[in-house]
Amino acid sequence: MLISLLLILPFVCSCLMLASSSRDVNSSFRLGLSFAAIPLILATALIFAGGQHTENRIWFSFLEVDFGFSLYGHGLSLWMAWLTSLLCFLAFAYFRDALSFGVKKFAVGILTLEGTIIGAFLSAKNLVQFLFFFEAMILPTAVIIALYGGLKRRRAVVTFSLYTLAGSIPLLFAAWYLILKAGSDDIGVLAQTLKTLPAATQTSLFTAFAIAFAVKTPVFPFHSWQGISYTEAPYPLSAILSGAMAKVGIFGFAIWTIPIFNVDYKLLLIPVALFSALYGAALALMQTNIKRLLAFSSMSHLGLALAGLFCLDEIVNAGVAVMLVGHGLTAGGLFFFGGIAQKWTGSTNIKNFGAFASTNPVFASIFGFLSIAAVAVPCTVGFVGEFLILQGLFNSGLPLFGVIGGICIVCSAAYMLRLIKNVLFGPIPENPARTGISLSKYEGITAVPIMALIIYFGLHPAPILDSFETKEKNETLTEMEMQEFEKFLESLLNVESIESATENDSLENEKLEENDDEQ
């Protein structure tokens, strides 16, 4: 029940928000904030409940194929849905002071986008259902950029839409071919069907799937849309794009590529992912625009997470989930507070931000904490994830992978320390208006849960890690129960044999006694 409400209510709240009045900005904001809190409460309740899933039901039939609809909220699916709901709630809270117009339209767009992203994360069994949400998230994203983006927002909308749609076209053709061959869109049936196809066909289908997910993440060389889209989007949307939507690409690799295609991922895709991580770090080092710097930083971190995913190790997969949660928190927070710095200075150039450590110590403390957390220092959530990923890369059969992964982490420290230097310890501005600025209550509210969760999961990552061990524990328990059951059967057989032997002995003794009496 909870998982169905988590999918439905964002769309319902979006329709209710659309029907509400927009005359009073404060009322619209309070209503939108309340609606944004509902999916977060439901996702948190699902976390405590250990996840849920629904039965596979027929959604519609076409070309003699029954297409199913089911929801699956466990492990990576559940944590990514929770992260999406958290970032959307914080984005709306931050939006109140970021922009002073269009609160109602922004709420409608964010709630619709949230519903599509959550729908994609909960679609882990039926391919058409996943494709529906995978494509649907393009529309609300493009609308929000068009309404609230920067001066080049039209170009950003066109670039974002064309890239994502072009990347999805091969996926759509491959998906329909595979579904028609299998007669179903169920992931288990698709996996069995792929085993019967020729190797060349499997390679072509795998390439189509991989390109679509690489564009969404993004991975080099399919990253060209990222710079302008992240730069021209409003800061709250950039936080969601980096912290939540980019994870849909990795989710696609984890659910719809690795389990069903029989491909040697280690030798083929780990080098591609690591090169993307290195390339993203190199681009981040060269940027002076804070949005572009954070965008390419996201590309680097997600490339490293993707390399860990291709190690095909259950422990590393849990580490990937921890890293994705940590990256969503830190990237979202940095985009929020990067927007505050731009609002105060009127510039996106980090060299123009000045000495915020002197003019606003509270902002400097929060921004410095988030930047250091992005480097994945100990006691932060990123440290746990990156440690497990590096361990998996070193154990993948080629230690060079681990070395390259370590270089990526060193580069992340370099561009983040450069960011801290320019934003917090630059030259003191001559403008006297810069000395009296302070965070508003809503801007401060966005920082509290992000910082608390970064520390909490850094010191106690067990809630995320344990969600990946549930299946293993259940399988182990079942094997133990089977062994005990077999021992029990053996003991029963032994008892029956002993009783039968005893009965036979007693019968023979009775016969001997009768013979003795007759004699």
Check: Any donor-acceptor pair under 3.5 Å linking the side chain of D313 with the backbone of V316?
Finding: yes
Margin query: I need the minimum non-hydrogen distance between L78 and G50, along with the two atoms involved.
Written below: CD2-C, 4.4 Å
Next item on the list: Test side chain to side chain contact (heavy atoms under 4.5 Å, CB included) on L127 and F209 and set out the steps.
Entry: CA-CA 11 Å; L127 181 55; F209 275 68; 4.1 Å; yes
Item checked: Pairwise side-chain contact, I464 with W79, heavy-atom cut-off 4.5 Å (strictly under) -> yes
Margin query: Are F336 and Y235 an aromatic pair, judged by ring center distance below 6.0 Å?
Written below: no
Notebook entry, point to check: Would you say the side-chain atoms of Q129 pair up with the backbone N or O of S70, donor to acceptor, closer than 3.5 Å?
Noted result: yes
Check: Heavy atoms, side chains only, cut-off 4.5 Å: are M451 and I366 in contact?
Finding: yes
Notebook entry, point to check: Using 30° and 60° as the class limits, which term best fits the ring planes of H74 and H53: parallel, tilted or perpendicular?
Noted result: tilted
Margin query: Distance check, rounded to the nearest 0.5 Å: S85 atom OG versus I118 atom CD1?
Written below: 5.5 Å
Next item on the list: Sequence neighbours left out, what pairs pass side chain to side chain donor-acceptor pair (under 3.5 Å) with at least one residue falling in residues 316-336?
Entry: K247-H327, S298-H327
Item checked: Check: Y230 main-chain N/O paired with S238 side-chain donor or acceptor under 3.5 Å -> yes
Item checked: Any pair counted as side chain to side chain donor-acceptor pair (under 3.5 Å), so long as it reaches residues 408-423, sequence neighbours left out -> S297-Y415
Note to self: Using a 6.0 Å cut-off, check whether atom CG of L194 has over 12 heavy atoms from anything other than its own residue.
What the structure shows: yes
Next item on the list: Taking all non-hydrogen atoms of both residues into account, name the closest pair between A239 and L87 and its distance.
Entry: O-CD1, 4.1 Å
Note to self: Once rounded to the nearest 0.5 Å, what's the spacing between atom OH of Y177 and atom CG of L205?
What the structure shows: 7.0 Å
Note to self: Ignoring hydrogens, what is the shortest heavy-atom contact between G109 and I144? Give both atom names and the distance.
What the structure shows: C-CD1, 3.6 Å
Margin query: My understanding is that only one of I450, L453, T44, V325 makes a side chain to side chain contact (heavy atoms under 4.5 Å, CB included) with L86; could you say which?
Written below: L453
Check: Under the side chain to side chain donor-acceptor pair (under 3.5 Å) rule, what pairs show up with a residue in residues 273-294, not counting sequence neighbours?
Finding: Q287-R292, N289-T348
Margin query: Donor-acceptor pair, distance only, cut-off 3.5 Å: does the side chain of T201 make one with the backbone of L197?
Written below: no
Check: Does any N or O in the side chain of E386 come within less than 3.5 Å of the main-chain N or O of A376, such that one atom is a donor and the other an acceptor?
Finding: no
Notebook entry, point to check: Do V381 and P461 touch side chain to side chain, with heavy atoms closer than 4.5 Å?
Noted result: no
Notebook entry, point to check: Can you tell me how far the CG atom of L329 sits from the OG1 atom of T380, to the nearest 0.5 Å?
Noted result: 10.5 Å
Next item on the list: May I ask you to check whether F220 and F275 place their ring centres under 6.0 Å from each other?
Entry: yes
Notebook entry, point to check: Once you round to the nearest 0.5 Å, how far does CG of L309 lie from CG of L269?
Noted result: 9.5 Å
Check: What do the steps show when you test W59 against V128 for side chain to side chain contact (heavy atoms under 4.5 Å, CB included), and what is the final call?
Finding: CA-CA 10 Å; W59 187 13; V128 172; 4.2 Å; yes
Notebook entry, point to check: For the residue pair F363 and F337, does the interplanar ring angle fall in the parallel (under 30°), tilted (30 to 60°) or perpendicular (over 60°) class?
Noted result: tilted
Notebook entry, point to check: Do the two ring centres, one from W256 and one from F206, sit under 6.0 Å apart?
Noted result: no
Next item on the list: Evaluate side chain to side chain contact (heavy atoms under 4.5 Å, CB included) for L334 paired with F367, printing each intermediate quantity in order.
Entry: CA-CA 7 Å; L334 286 171; F367 191 88; 4.1 Å; yes
Notebook entry, point to check: How long is the span from the CH2 atom in W176 to the CG atom in L131, to the nearest 0.5 Å?
Noted result: 9.0 Å
Margin query: Using every non-hydrogen atom in the two residues, find where L7 and G119 come nearest and quote the distance to one decimal.
Written below: CD1-CA, 3.5 Å
Margin query: Using modelled atom types and a 3.5 Å cut-off, is there a donor and acceptor pairing between side-chain atoms of T84 and backbone atoms of E114?
Written below: no
Margin query: The test is ring pair (Phe, Tyr, Trp, His ring centres under 6.0 Å); show your working for F89 and F35 and say whether it passes.
Written below: CA-CA 9 Å; F89 173 76; F35 285 157; over 10 Å; no
Item checked: Side chains of E135 and S168, donor plus acceptor under 3.5 Å -> yes
Notebook entry, point to check: Ignoring hydrogens and geometry, is there a side-chain-to-backbone donor-acceptor pair from T196 to T193 under 3.5 Å?
Noted result: yes
Next item on the list: Evaluate whether atom CZ of F69 has more than 12 neighbouring non-hydrogen atoms of other residues, nucleotides or ligands under 6.0 angstrom away.
Entry: yes
Margin query: Treating S300 as the side-chain partner and F296 as the backbone partner, does any N or O pair qualify as donor plus acceptor under 3.5 Å?
Written below: no
Next item on the list: Decide if the gap between the ring center of Y442 and the ring center of Y94 is smaller than 6.0 angstrom.
Entry: no
Note to self: Please tell me whether F394 and F401 form a close aromatic pair, meaning their ring centres lie under 6.0 Å apart.
What the structure shows: no
Check: Does the side chain of L113 come within less than 4.5 Å of M245's, by heavy atoms?
Finding: yes
Notebook entry, point to check: Can a donor-acceptor pair be found between the side chains of T112 and S14 at a distance below 3.5 Å?
Noted result: yes
Notebook entry, point to check: In Å, rounded to the nearest 0.5 Å, how long is the span from CG of L71 to CG of L2?
Noted result: 12.0 Å
Item checked: W225 side chain vs V215 backbone, donor-acceptor pair below 3.5 Å -> yes
Item checked: Nearest atoms (heavy-atom pairs only) where I38 meets C13 -> CD1-SG, 4.0 Å
Note to self: Are F369 and I455 packed together at the side-chain level, in the sense that at least one heavy-atom pair is separated by less than 4.5 angstrom?
What the structure shows: yes
Next item on the list: Step by step, work out the side chain to side chain contact (heavy atoms under 4.5 Å, CB included) result for S184 and I179.
Entry: CA-CA 5 Å; S184 172; I179 289 171; over 6 Å; no
Notebook entry, point to check: Can you find a heavy atom in the side chain of K216 that is under 4.5 Å from one in the side chain of F134?
Noted result: yes
Note to self: Would you say that L6 contacts L46 through its side chain, given a criterion of any heavy-atom pair below 4.5 Å between the two side chains?
What the structure shows: yes
Check: For I3 and G73, which heavy atoms make the closest approach, and how far apart are they?
Finding: CD1-N, 3.3 Å
Next item on the list: Could you tell me whether the side chain of L390 reaches within less than 4.5 Å of the side chain of I409, counting heavy atoms only?
Entry: yes
Checklist line | Side-chain donor/acceptor of T159 to backbone N/O of A156, under 3.5 Å | finding: no
